[in-house]
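Order of the sequence lines sets the chain letters (A, B, ...), proteins ahead of strands, with each chain counted from 1.
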Amino acid sequence: MTTATDHQRMEKIVSLCKRRGFIFQAAEIYGGLNGVWDFGPLGVELKRNLKDYWWRVMVRERDDVVGLDGSILTHRAVLKASGHEDTFSDPMSTCKHCKRLQRADQIWPQIEQSDWYDALAEMFALGRLDTPNLQRWAETKGRRDAPNLAIVRNFPVTLSWLSERLERTGGGAELPMREFVQHLATEQFNQTGLVTPCPHCGGELTEPRPFNLMFRTNMGASGDDETSIAYLRPETAQSIFVQFKNVLDTARKKLPFGIAQIGKAFRNEINPRNYIFRSREFEQMELEYFCAPEDGMRLLDYWLEERLRFYENIGIPRAKLHVLTVPDADRAFYSKGTYDIEYEFPFGVQELEGVAYRTDYDLTQHQNASGKPLEYFDEETKAKFVPHVVEPSAGVDRTVLALICEAFAEETVTDEKGKSETRTVMRFHPRIAPVKVGVFPLLKNKPDLVAKAREVHALLKPHMMTFYDEAGAIGRRYRRQDEAGTPFGLTIDFETLGERGDELRDTVTLRHRDSMQQERVKIADLLGKLLPQVM
RNA sequence: GCGGGUGUAGCUUAAUGGUAAAGCUGUAGCCUUCCAAGCUACUGACGAGGGUUCGAUUCCCUUCACCCGCUCCA
């Protein structure tokens with residue numbers, strides 16, 4: 001459950017993200033674009049660090065995974081074969097009374113399964129759909145199960161329209177049952193025409209509106225005819241499946257092996273929500289790990305553990321993660337097992353990543369649709385088969401948001417004079433922190449300090465993201481970096497210059513963000529000390 | 001898509017049918033020997049469009065965005 005406190009916490013996080021330059025609304029000066037966000041200077045560093053670390057552990061440090069960068073514009077046939085085009089272009093209707101949103105093509109099957117339909121169907125079958133029977137039904141079962149059906153709400157008016165219609169068509173005998181039900185749902189025929197009732201309450205449904213979760217576009221000069229249709233990909237996975245054969249032929253890999261990809265994907269979500277959590281344009285980090293059929297279930301569990309370890313390594317504690325074993329009923333029909341890795345966001349426990357055993361569904365679909373063999377020949381067993389696949393699929397933006405939520409902290413600090421104030425600090429793991437180290441001359445108006453500080457800055461710059469700041473009091477600069485989540489601060493002072501003896505010459509103050517503790521470090525030792533912590 | 005709420009400077013908040021105010025932040029300068037010190041100056045806002053009005057940030061309508069609830073989430 002989310003509470004008011006969680007809500008306030010989330011608002012503070014959103015505010016900080018804007019104030020410090022992590023996340024901005026897209027096209028803000030034009031009023032914003034629904035469900036689309038831009039990453040500012042700190043946000044892009046954070047996001048890049050996350051992606052780089054994923055790529056490092058998922059691709060570069062493994063012998064059994066190679067990378068791919070597929071196109072965003074996607075051939076229509078790809079998404080036809082994958083099932084996306086059909087699944088995503090259903091017309092949707094809304095009930096004007098109970099407000100339920102439903103797939104238009106499933107309305108009649110649902111009506112025919114509904115409680116209120118049975119008695120009507122029976123009367124219809126027996127030829128007993130006369131006024132007294134209808135009225136009795138409307139006042140009893142109808143009132144209970146379909147309170148918003150026109151014949152229930154307004155019996156006389158609806159009946160008069162129905163009678164008129166029956167007269168014109170020469171009695172109800174030729175009228176199909178569905179049309180009859182539509183008449184019972186129609187209160188003002190002249191205004192609305194025949195109404196299809198809501199399966200849940202009998203209320204009037206809106207005209208079906210096509211709702212396609214995929215963004216469609218047109219390619220080529222010829223413009224907008226059927227043949228020019230292309231889509232922005234709704235997931236990165238499909239280009240991996242489509243290029244499976246090419247990678248297999250060129251990368252010299254044997255099963256089991258994986259193909260990894262990081263990239264943008266687009267879904268025209270009905271309702272983007274929760275800050276950047278559900279956006280219409282988002283980024284995925286996906287691995288398709290191909291294997292023999294008998295290894296699928298084992299590898300599903302293997303990858304779940306690998307991925308949980310990943311989140312711990314970027315600073316999201318295991319205790320804040322939940323593993324949901326997706327029940328059979330909620331799983332895609334082709335999946336033999338799916339785990340959702342969820343995080344405790346302030347707005348609720350929500351999915352960061354799905355780890356799914358997708359069987360050989362995708363490759364088989366593309367093999368059948370393209371007519372090109374996508375099989376694997378095992379030299380040892382001499383067996384030829386379509387590989388199965390386990391897919392850990394993570395949301396970049398969701399994980400960035402989780403990192404931000406996890407890092408955000410407010411603490412009360414009391415100074416020497418006993419005055420207490422709030423310190424806002426982003427406790428990012430040094431590995432993913434946008435800026436690794438702040439470099440400060442203790443005082444701005446002492447040229448020797450400034451020169452030395454610039455020297456130290458230049459030393460570190462090629463190796464990690466740094467920030468140089470000489471403006472204002474030193475404490476102020478520390479606190480500013482706390483809000484940005486910079487784990488280390490280096491201050492060049494008079495000791496550095498050798499004014500307190502040679503012992504301290506060329507040493508600097510290293511200040512730690514979380515503890516605010518300081519230590520003395522030789523400039524020559526800085527890289528060796530800091531680099532391992534930020535890698 | 002429906003219902004409810006909210007939109008004034010980067011942030012937090014004022015006021016007003018008649019020149020939009022402040023604190024913090026930011027920037028520049030002075031000062032400053034380790035945790036948002038001080039002084040000076042500056043930048044900067046009524047989400048957008050239309051209507052009513054002599055005049056609208058204020059009243060009305062539309063629209064956009066964000067938040068909450070439903071719904072949706074292959």
Side-chain angles (χ1 to χ4, degrees), chain A residues 2 4 7-8 10-12 14-21 24-37 40 79 82-90 92-103 206 209 211-214 234-235 237-238 267-275 277-278 280 330-335 347-348 350-351 354 356 358 361-362 413-417 419 421-425 440-446 449 471-483 489-497 499-500 508-511 513 516-518:
Chain A
T2 57
H7 187 232
Q8 283 165 12
M10 199 59 215
E11 289 197 333
K12 282 180 180 171
V14 171
S15 170
L16 182 138
C17 282
K18 179 168 187 189
R19 179 157 35 93
R20 287 294 162 189
F24 307 124
Q25 212 180 344
E28 192 190 74
I29 62 170
Y30 288 104
L33 186 61
N34 186 247
V36 187
W37 303 87
L79 296 164
S82 68
H84 285 88
E85 190 176 77
D86 292 335
T87 324
F88 272 35
S89 52
D90 293 322
M92 307 290 280
S93 288
T94 313
C95 174
K96 290 180 181 174
H97 290 94
C98 72
K99 310 301 181 194
R100 275 172 191 267
L101 188 72
Q102 40 216 329
R103 283 174 58 165
T206 59
R209 277 183 303 273
F211 199 91
N212 198 322
L213 277 171
M214 291 197 294
E235 61 178 21
Q238 291 307 320
R267 295 181 196 181
N268 194 12
E269 296 287 352
I270 296 173
N271 197 351
R273 270 297 160 84
N274 289 327
Y275 199 29
F277 182 82
R278 181 175 299 140
R280 291 197 163 120
D330 298 346
R331 229 163 41 214
F333 67 89
Y334 49 77
S335 173
F347 47 81
Q350 298 277 350
E351 180 184 348
R358 294 174 72 128
Y361 172 78
D362 301 276
V413 292
T414 309
D415 64 18
E416 295 128 14
K417 296 163 204 141
K419 204 179 83 180
E421 58 183 6
T422 302
R423 181 173 86 115
T424 303
V425 50
F440 321 112
L442 183 60
L443 296 174
K444 181 185 175 184
N445 58 1
K446 300 286 188 289
L449 287 178
I474 188 69
R476 184 181 200 75
R477 285 176 269 164
Y478 285 151
R479 293 298 174 83
R480 257 200 295 248
Q481 291 306 306
D482 287 344
E483 270 201 346
L490 295 178
T491 301
I492 286 71
D493 54 25
F494 295 96
E495 283 89 333
T496 315
L497 301 178
E499 291 189 8
R500 300 285 188 283
V508 295
T509 302
L510 171 61
R511 184 253 192 189
R513 174 196 65 200
M516 295 192 284
Q517 297 290 309
Q518 304 186 347

Novice: Of all the nucleotides listed (rA74(B), rU71(B), rC34(B)), which has the minimum atom distance to the side chain of P234(A)?
Specialist: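 Among the listed nucleotides, the one closest to the side chain of P234(A) is rA74(B).
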Novice: Report yes if a side-chain nitrogen or oxygen of N34(A) is closer than 4.0 Å to either non-bridging phosphate oxygen (OP1 or OP2) of rC66(B); otherwise report no.
Specialist: yes
Novice: Taking the side chain of E269(A) as its heavy atoms from C-beta onward, which of rC73(B), rC35(B), rU32(B) lies nearest to it?
Specialist: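 Side chain of E269(A) sits closest to rC73(B).
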Novice: Using only heavy-atom distances, decide whether a donor-acceptor pair under 3.5 angstrom links the side-chain of R477(A) to the base of rC35(B).
Specialist: no
Novice: Tell me whether the side-chain N or O atoms of S15(A) pair up with the base of rC11(B) as donor and acceptor below 3.5 Å, since no angle test is needed here.
Specialist: no
Novice: Looking at rC34(B), I'd like to know if its phosphate oxygens (OP1 or OP2) sit under 4.0 Å from a side-chain N or O belonging to R511(A).
Specialist: no
Novice: Can you give one letter per nucleotide of nucleotides 40-47 of chain B, 5' to 3': B if a protein heavy atom sits under 4.0 Å from the base, S if only from the sugar-phosphate, - if neither?
Specialist: --------
Novice: Could you check which of rU32(B), rG69(B), rA65(B) has an atom nearest any side-chain atom of Q25(A)?
Specialist: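 Nearest listed nucleotide: rA65(B).
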Novice: Could you check which nucleotide pairs with rC34(B) in any of the strands shown, counting Watson-Crick or G-U wobble with both distances under 3.5 Å?
Specialist: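 Looking at the geometry, rC34(B) pairs with no nucleotide.
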Novice: The side chain of R480(A) lies closest to which of these nucleotides: rU27(B), rC34(B), rU32(B)?
Specialist: rU27(B)
Novice: Can you tell which of rA74(B), rG3(B), rC34(B) lies closest to the side chain of T491(A)?
Specialist: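 Out of rA74(B), rG3(B), rC34(B), the nucleotide with an atom closest to T491(A)'s side chain is rC34(B).
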Novice: Are OP1 or OP2 of rC66(B) and a side-chain N or O of N274(A) less than 4.0 angstrom apart?
Specialist: no
Novice: Do R267(A) and E235(A) have side chains that approach each other closer than 4.5 Å (heavy atoms only, starting at C-beta)?
Specialist: yes
Novice: In Watson-Crick or G-U wobble terms, both distances under 3.5 Å, what is the partner of rA41(B)?
Specialist: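 Pairing partner, where one exists within any strand: rU27(B).
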Novice: What nucleotide, of rG10(B), rC68(B), rC34(B), holds the atom closest to the side chain of K18(A)?
Specialist: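 The listed nucleotide nearest to K18(A)'s side chain is rG10(B).
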Novice: What's the closest nucleotide to the side chain of E421(A) if the choices are rC67(B), rA36(B), rC73(B)?
Specialist: rA36(B)
